[in-house]
Amino acid sequence: STPCSCTHPFLPKAFVVASGVGYYQNHPFTDGITNTEDSPAGQGYMCSLAQDWEAAAKLPEGCTTRVVNVRSGVVLGKEGGAVGLGRSSCERASNLSLDSP
């Protein structure tokens, strides 16, 4: 790879890449596996799409801009639907658990 030759005086300190939890292999809740940011990428269309998206956002070697990959997803409740709809995001985040409706 070619070293970064960025000389613009206003380089950003961070480059945020919005990806998704589709990066990881899907596991049923019953198998006891929890994905972390260190978990390997999965296989299949959504996993490949997320991997390709993040690879396309890599900056040249030596670039001082920090790259942040945000892998977001929606938490679904046992009764269906997204967890915490209708509540503030701070309240939702403080009350998340696998038992949330």
**Message:** Using modelled atom types and a 3.5 Å cut-off, is there a donor and acceptor pairing between side-chain atoms of Thr65 and backbone atoms of Pro12?
**Reply:** yes

**Within-4.5 Å side-chain heavy-atom neighbours: Ser19 and Asn69** = no

**Request:** Please list, chain by chain and in numerical order, all residues satisfying side-chain contact (heavy atoms from CB on, under 4.5 Å) with Ala57, sequence neighbours excluded.
**Result:** Phe15, Val17

**Request:** Just grab all the side chain to side chain donor-acceptor pair (under 3.5 Å) pairs involving residues 36-53, residues at least two apart or on different chains.
**Result:** none

**Message:** Which residues pass the side-chain hydrogen bond (donor to acceptor under 3.5 Å, both in side chains) test with Arg71, not counting sequence neighbours?
**Reply:** Tyr24, Glu54

